[in-house]
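What follows is a set of notes on a single structure, which appears directly below.
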Amino acid sequence: MKSIELLNPKTFAILFALSAALFSCPTSLAQTNTPAETVKRHEIRGGIGGWSGSDLSDGFDAIVFSGTNAGIYSTVNDRLSGNYNVTYRYALRERFLIGGSFTYGNMRSDLEVDGGGTGNVINNHFTLAPAEAEYRYVNHKKFKLYGFIGIGLLLDSQKLTVDGESEKETNLYLGAQLSPLCMQVGHNAGFNLEFGYGYKGLVHLGFFVKF
């Protein structure tokens, strides 16, 4: 099964160029910094996102079954659980943070089986992203705009069942997330809203706590 989160050299070069442009935003966008002595460097975040790269890929993939009822099937009635995420951030500077995250997502679909048979497919996605970098281009005390890029490993586990016969397949990919438009509301605790593409989803809503 092919994943659209698999990075080839050309894709990686594009992501690198976009992240470089993001993190070099002109200082004219900068707002008044929070005083350094009040900054809490550690931050824990949690949240849920939708329509990750894996979700979009699964929705368009043709399903190949090699059992007794061998064939190529299409999926219908896709049901997404959402992409649940836990993130850690450490502030190297007031505007620049590094960290990592873990994301889990699940998608269940029915299969269109010839001859009136029944079938379904379950996809579980686990992403461990130990390399994430974030830049805050607006940095008010209780309101921030930021962007981030992340790279990690995506474990994709798929179970196919056709007329009671099952097959399992597991694949490991290189996954990425690029989110250029994100906001954080609150000082030591509050909410995040992120827009991007990759393992966290097109839209991600969550909370944060600093310590």
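Note that CD of Gln177 and CD of Glu194 are 7.5 Å apart. Values are rounded to the nearest 0.5 Å. Once rounded to the nearest 0.5 Å, the distance linking CG of Leu174 with CD1 of Ile151 reads 6.5 Å. In this structure, the separation between OG on Ser109 and CD1 on Ile122 is 9.5 Å, given to the nearest 0.5 Å. Note that OG of Ser52 and CG of Leu202 are 8.0 Å apart. Values are rounded to the nearest 0.5 Å.
Residues satisfying the ring pair (Phe, Tyr, Trp, His ring centres under 6.0 Å) test with Phe102, not counting sequence neighbours, are none. Applying the side chain to side chain donor-acceptor pair (under 3.5 Å) test to Gln184 and every residue at least two apart in sequence or in another chain returns Glu43. Residues passing the side-chain contact (heavy atoms from CB on, under 4.5 Å) test with Leu145 are Tyr137, Val138, Phe143, Met183, sequence neighbours excluded. Residues forming a salt bridge (Lys or Arg N to Asp or Glu O under 4.0 Å) with Glu132 (at least two apart in sequence, or on another chain): Arg89. Scored by the salt bridge (Lys or Arg N to Asp or Glu O under 4.0 Å) test, Arg108 finds no partners at all (sequence neighbours excluded).
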> Phe96 and Glu134: side chain to side chain contact (heavy atoms under 4.5 Å, CB included), yes or no, with the steps?
Replying inline: CA-CA 6 Å; Phe96 185 67; Glu134 177 179 314; over 6 Å; no

>> side chain to side chain contact (heavy atoms under 4.5 Å, CB included) for Leu193 and Phe195? Distances and angles first, verdict last.
In response: CA-CA 7 Å; Leu193 179 62; Phe195 298 93; 3.8 Å; yes

>> Let's go through Leu172 and Leu153 carefully: what are the C-alpha distance in whole Å and the side-chain angles of both, what is the deciding distance for side chain to side chain contact (heavy atoms under 4.5 Å, CB included) to 0.1 Å, and is it a yes or a no?
In response: CA-CA 7 Å; Leu172 188 65; Leu153 292 177; 4.2 Å; yes

>> Between Arg79 and Asp110, does the side chain to side chain contact (heavy atoms under 4.5 Å, CB included) criterion hold? Intermediate values first, please.
In response: CA-CA 9 Å; Arg79 300 177 293 280; Asp110 297 326; 3.6 Å; yes

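Considering all non-hydrogen atoms of both residues, Thr161 and Ser166 come closest at OG1-OG, 3.0 Å. Of all heavy-atom pairs between Asn192 and Phe208, the closest is OD1-CD2, 3.2 Å. Shown here for Ser101 and Thr87, the closest heavy-atom pair between the two residues is CB-OG1, 3.4 Å. Minimum interatomic distance between Gly152 and Pro130 (heavy atoms only, all atoms of both residues): CA-CD, 4.1 Å. For the residue pair Gly147 and Cys182, the shortest heavy atom distance occurs at CA-SG, 4.5 Å. The nearest pair of heavy atoms linking Gly196 to Pro180 is CA-CD, 4.3 Å.
Through side-chain heavy atoms spaced under 4.5 Å, either directly or across other Ile, Leu, Val, Met, Phe, Trp or Tyr residues, Phe191 is tied to Phe207.
Counting heavy atoms of neighbouring residues, nucleotides and ligands inside a 6.0 Å radius, atom NZ of Lys159 does not exceed 12 of them.
Side-chain contact between Val121 and Leu111 is present, with heavy atoms from C-beta onward closer than 4.5 Å. In this structure the side chain of Leu92 never reaches within 4.5 angstrom of the side chain of Arg41, judged on heavy atoms. Residues Asp156 and Tyr173 have side chains in contact (heavy-atom distance under 4.5 Å, counting atoms from C-beta outward). At a threshold of 4.5 Å between non-hydrogen side-chain atoms, the residues Ser179 and Phe148 count as touching.
The backbone N or O of Gln158 sits nowhere less than 3.5 Å from a side-chain atom of Glu169 that would complete a donor-acceptor pair. In this structure a side-chain-to-backbone donor-acceptor pair under 3.5 Å is missing from Lys200 to Tyr197.
Follow the hydrophobic side-chain contacts under 4.5 Å out from Val86 and you never reach Tyr90; the two are in separate clusters. Leu155 and Tyr104 fall within a single hydrophobic cluster, where Ile, Leu, Val, Met, Phe, Trp and Tyr side chains are chained together by heavy-atom contacts under 4.5 Å. Note on Tyr88: it clusters hydrophobically with Ile98, by side-chain heavy-atom contacts below 4.5 Å among ILVMFWY residues. Connection of Leu97 to Val185 is not established within any shared hydrophobic cluster, with ILVMFWY side chains joined at heavy-atom distances below 4.5 Å, either directly or through further cluster members.
When Thr103, Leu154, Asn106 are each tested for a side-chain contact (heavy atoms from CB on, under 4.5 Å) with His125, only one passes: Leu154.
For the pair Arg45 and Tyr146, the cation-pi criterion (under 6.0 Å, within 45° of the ring axis) is fulfilled.
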